[in-house]
Amino acid sequence: MTESKWLTLVEICDYLKVSRETILNWINKKNMPAHKVGRLWRFDVTEVDQWIKSGGAAEENN
């Protein structure tokens with residue numbers, strides 16, 4: 001059984017090389033996997049990687 005790696009908002013921004021605002025938009029508009037712990041966001045790296053690979057962060061074509 002592998003242990004999940006949990007990142008903070010600042011850490012996930014650095015990991016994905018995007019801004020805080022981008023992460024918050026993805027959570028609200030694109031169902032990015034994120035978990036609220038009290039007032040703080042936490043991100044399971046495995047869930048985020050799967051979400052990215054499935055196209056979750058892809059730009060919408062309008």
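Just the heavy atoms: all of them, side chains too, but no hydrogens, waters or symmetry mates, feed the values below. Since the model is a prediction, treat every value here as computed from it, not as a measurement.
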*asked:* Restricting to side chain to side chain contact (heavy atoms under 4.5 Å, CB included), what partner residues turn up for Val10, sequence neighbours left out?
replied: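 Side chain to side chain contact (heavy atoms under 4.5 Å, CB included) check on Val10 returns Thr8.
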Side chain to side chain contact (heavy atoms under 4.5 Å, CB included) assessment of Lys36 paired with Trp41 | CA-CA 5 Å; Lys36 207 73 185 263; Trp41 286 107; 3.6 Å; yes
From CG (Asp44) to CD1 (Ile12), nearest 0.5 Å: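 Spacing of CG (Asp44) from CD1 (Ile12) equals 9.0 Å.
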> At what distance, to the nearest 0.5 angstrom, does CD1 of Ile27 lie from NE2 of His35?
Replying inline: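 Going from the CD1 atom of Ile27 to the NE2 atom of His35 covers 10.0 Å.
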When clusters are formed by joining ILVMFWY residues with side-chain heavy atoms under 4.5 Å apart, either directly or through shared neighbours, do Leu9 and Trp51 land in the same one?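 Same hydrophobic cluster.
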Do Ile52 and Trp6 belong together in a cluster built from hydrophobic side chains that touch within less than 4.5 Å?
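Not linked; separate clusters.
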Taking Lys29 for the side chain and Trp26 for the main chain, is one N or O donor matched with an acceptor at less than 3.5 Å?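 Not at all, since once roles are kept as given, no pair shorter than 3.5 Å links the two residues.
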Between Leu7 and Val48, is a side chain to side chain contact (heavy atoms under 4.5 Å, CB included) present by the stated rule, with each step listed? CA-CA 10 Å; Leu7 299 180; Val48 172; over 6 Å; no
- Given Thr22 and Asn25, is the side chain to side chain contact (heavy atoms under 4.5 Å, CB included) satisfied, shown in steps? CA-CA 5 Å; Thr22 296; Asn25 280 332; 5.7 Å; no
- Task: May I ask you to check whether over 12 heavy atoms, not counting those of Lys53, lie within 6.0 Å of atom NZ?
- Result: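 12 or below, so no.
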Nearest atoms (heavy-atom pairs only) where Pro33 meets Phe43: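 Heavy atoms of Pro33 and Phe43 come nearest at O-CD2, 3.6 Å.
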